[in-house]
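Some notes on the structure that comes next.
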Protein chains: 2
Amino acid sequence: MKYDPQKKLNRNTQRTLKAFSEAMFGLLGEKNFEKITVNELCARCDYPRATFYNYFDDKYDLVSYCWYQLGKDAHLDAAQTLPTNESLLAVFDEVYRLFTEHHDLLNRVVEHNPIDGLLINDFIHHFNQVMTQLFANGLSNHQTKTPIELMAQYYSNTVLLVLKWVFLAQHNVTLDTARSYLTELLTKPFLSDANN
Amino acid sequence: MKYDPQKKLNRNTQRTLKAFSEAMFGLLGEKNFEKITVNELCARCDYPRATFYNYFDDKYDLVSYCWYQLGKDAHLDAAQTLPTNESLLAVFDEVYRLFTEHHDLLNRVVEHNPIDGLLINDFIHHFNQVMTQLFANGLSNHQTKTPIELMAQYYSNTVLLVLKWVFLAQHNVTLDTARSYLTELLTKPFLSDANN
DNA sequence: TCAAAATTTAGACACTTGTAAAACCACAAA
DNA sequence: TTTGTGGTTTTACAAGTGTCTAAATTTTGA
């Protein structure tokens, strides 16, 4: 991104960013991301090519701005109070809520894009970044042999693994079931040798 | 891949595949993957463009063939005997060994490619696929509330998280330390509320 | 209200991509 | 030796990418 979305932007800039991200969201629901061209995006929102490159480096840049937009109204303050079961699950719940809110967008995206393709990877990766950061802060005064950064990545990874399973791999289980999966994964005390 | 590397290939085909993958390995150590063009690959191994497209769909296709080549001499049979601590760690050890074997290639790659960029994601993803498959087989007669496929993904994810930390994020800790991280992550019985 | 400053747009450019048709080659069977 | 077949290579092409310059337009501040 050439513009920092955190910063105050003038009305014109906001309008342009919105137009492009809406064009992208629209097209994502219609066809494979790889097949989407910059020309197409520009045609859809009726801006010249040069304007696109004025705001974004390329379509990857735009799509990551889209994920930012999509994620920015999640309230993940619970992560600040890590480490507790409750706060971890609270974060999980909130992202579950967010993904539910955009359920039909996600469904349409999954229809046209492979689950392990670049686009969905990128989507997951975006939230992974955000959550890892949050968890790392929350864990900052926690002490373990394992580095905090690694722990944060682990928790974020695992939370998103379950959410990907539910919303992108479309197993569409209830929040309670999803929670029970997450809890089992995180608490399962390693594979027992006496098992089976 | 237009050719199945499992199948027997005639000498010519093998030579061509090898030439292209070596060209790719070479260039990966020299510059960012995004900047590598098909023309460049062809120039390096002195094959015409059309030949490239004869064998691969695009450079992503080639690079995934490269990862396949790199990974194919890992002996991961231990995964068949899941679920036990030992077999999981045995798999971990073996991939650790494999990555150590290619330590300088990985270092060079990391020098030119962002840790969270497309290339390294793809690299991790390749091994994730392979390991998830193995674990899913190993777990097939194991019963839990959580779906087996999800469990397999969880173990594979976590193993690779640590390996990525060590080899790609270049914290370069010893096998023993790496093992202890993995064990702590997998056994840590959730975040305790009484903590800190 | 006007001129300077900044931003947006048009058009062109060099380059890459992936595909397709036709020429070319090697090697086997007749 | 001839002929056919399969694969490789040449060449050409349509389309997309990202960059650049200059012109047009908008914004800003005096």
Side-chain angles (χ1 to χ4, degrees), chain A residues 1-5 7-24 26-28 30-66 112-114 117-119 122, chain B residues 1-5 7-24 26-28 30-66 112-114 117-119 122:
Chain A
M1 271 295 280
K2 293 172 176 171
Y3 291 71
D4 180 359
K7 282 262 163 50
K8 59 180 187 303
L9 305 169
N10 69 46
R11 189 158 290 109
N12 215 321
T13 304
Q14 284 187 338
R15 194 151 23 95
T16 312
L17 290 179
K18 188 163 175 225
F20 275 115
S21 56
E22 277 175 3
M24 180 58 100
L27 283 169
L28 282 178
E30 291 173 20
K31 59 190 293 194
N32 186 286
F33 176 65
E34 309 294 339
K35 308 279 182 194
I36 297 174
T37 71
V38 175
N39 291 323
E40 219 169 347
L41 285 159
C42 294
R44 176 173 281 240
C45 59
D46 212 48
Y47 274 97
R49 261 172 76 70
T51 302
F52 176 88
Y53 285 108
N54 225 356
Y55 287 91
F56 307 100
D57 293 323
D58 47 38
K59 66 174 176 171
Y60 302 95
D61 197 25
L62 167 56
V63 88
S64 88
Y65 172 73
C66 288
H112 300 286
N113 291 276
L118 192 143
L119 179 73
D122 197 69
Chain B
M1 272 294 282
K2 294 172 177 171
Y3 291 69
D4 180 0
K7 282 262 162 51
K8 58 179 188 303
L9 305 169
N10 70 46
R11 191 158 287 112
N12 214 324
T13 304
Q14 283 187 338
R15 196 151 23 95
T16 312
L17 290 178
K18 189 162 174 225
F20 275 115
S21 55
E22 277 174 2
M24 180 57 99
L27 283 169
L28 282 179
E30 291 172 20
K31 60 189 294 193
N32 185 286
F33 177 64
E34 310 293 340
K35 308 278 183 194
I36 297 175
T37 70
V38 174
N39 291 324
E40 218 169 349
L41 286 159
C42 293
R44 175 172 281 239
C45 59
D46 212 49
Y47 274 96
R49 264 172 72 70
T51 302
F52 176 88
Y53 285 108
N54 225 359
Y55 287 91
F56 307 100
D57 293 324
D58 46 39
K59 66 175 176 170
Y60 302 95
D61 197 25
L62 167 56
V63 88
S64 87
Y65 173 73
C66 288
H112 299 286
N113 291 275
L118 192 143
L119 181 72
D122 197 70

Backbone N/O of B:Tyr60 and side chain of B:Asp122: donor-acceptor pair under 3.5 Å: no

Length of the line joining A:Glu34:CD and C:dT17:P, which is rounded to integer Å: 14 Å

Most 5' of A:Tyr55 and B:Lys59 on DNA chain C, judged by nearest nucleotide: A:Tyr55

A:Glu40 and its salt bridge (charged side-chain N to carboxylate O under 4.0 Å, His left out) partner, picked from A:Lys31, A:Lys59, A:Arg49, A:Lys35: A:Lys31

Residues A:Leu28, A:Val63; criterion side-chain contact (heavy atoms from CB on, under 4.5 Å); working and verdict: CA-CA 9 Å; A:Leu28 282 178; A:Val63 88; 4.1 Å; yes

Whole angstrom value for the distance that separates P of D:dG7 from CG of B:Asn54: 9 Å

B:Thr37 side chain, from C-beta outward: closest of D:dT8, D:dG16, C:dT16: C:dT16

For atom CG of B:Asp57 and atom C1' of C:dT19, their distance in whole Å: 12 Å

Spacing between A:Glu40 atom CD and D:dT17 atom P, to the nearest angstrom: 9 Å

Nucleotide nearest B:Thr13 when distance is taken to its side chain, options D:dT8, D:dT17, C:dA10: D:dT8

Minimum-distance nucleotide to A:Tyr53 side chain [options: C:dG18, D:dG18, D:dT9]: D:dG18

B:Arg49 side chain, from C-beta outward: closest of C:dA10, C:dG18, D:dT9: C:dG18

Minimum-distance nucleotide (side-chain atoms of A:Val38 versus D:dT9, C:dT16, D:dT17): D:dT17

Length of the CG-C1' vector between A:Asp58 and D:dT19, whole Å: 13 Å

Nearest-Å distance for atom pair CZ/P, residues B:Arg15 and D:dG7: 16 Å

Nucleotide C:dT17, atom P - distance to CD1 of A:Ile36 in whole Å: 20 Å

B:Thr51 side-chain proximity, nearest of D:dT10, D:dT8, D:dG18: D:dT8

Trace of the side-chain contact (heavy atoms from CB on, under 4.5 Å) decision for A:Leu41 with A:Arg44: CA-CA 5 Å; A:Leu41 285 159; A:Arg44 176 173 281 240; 5.9 Å; no

Rounded distance in Å - NZ (B:Lys35) to C1' (D:dG18): 10 Å

Non-hydrogen side-chain atoms of B:Met24 and B:Ile36 separated by less than 4.5 Å: yes

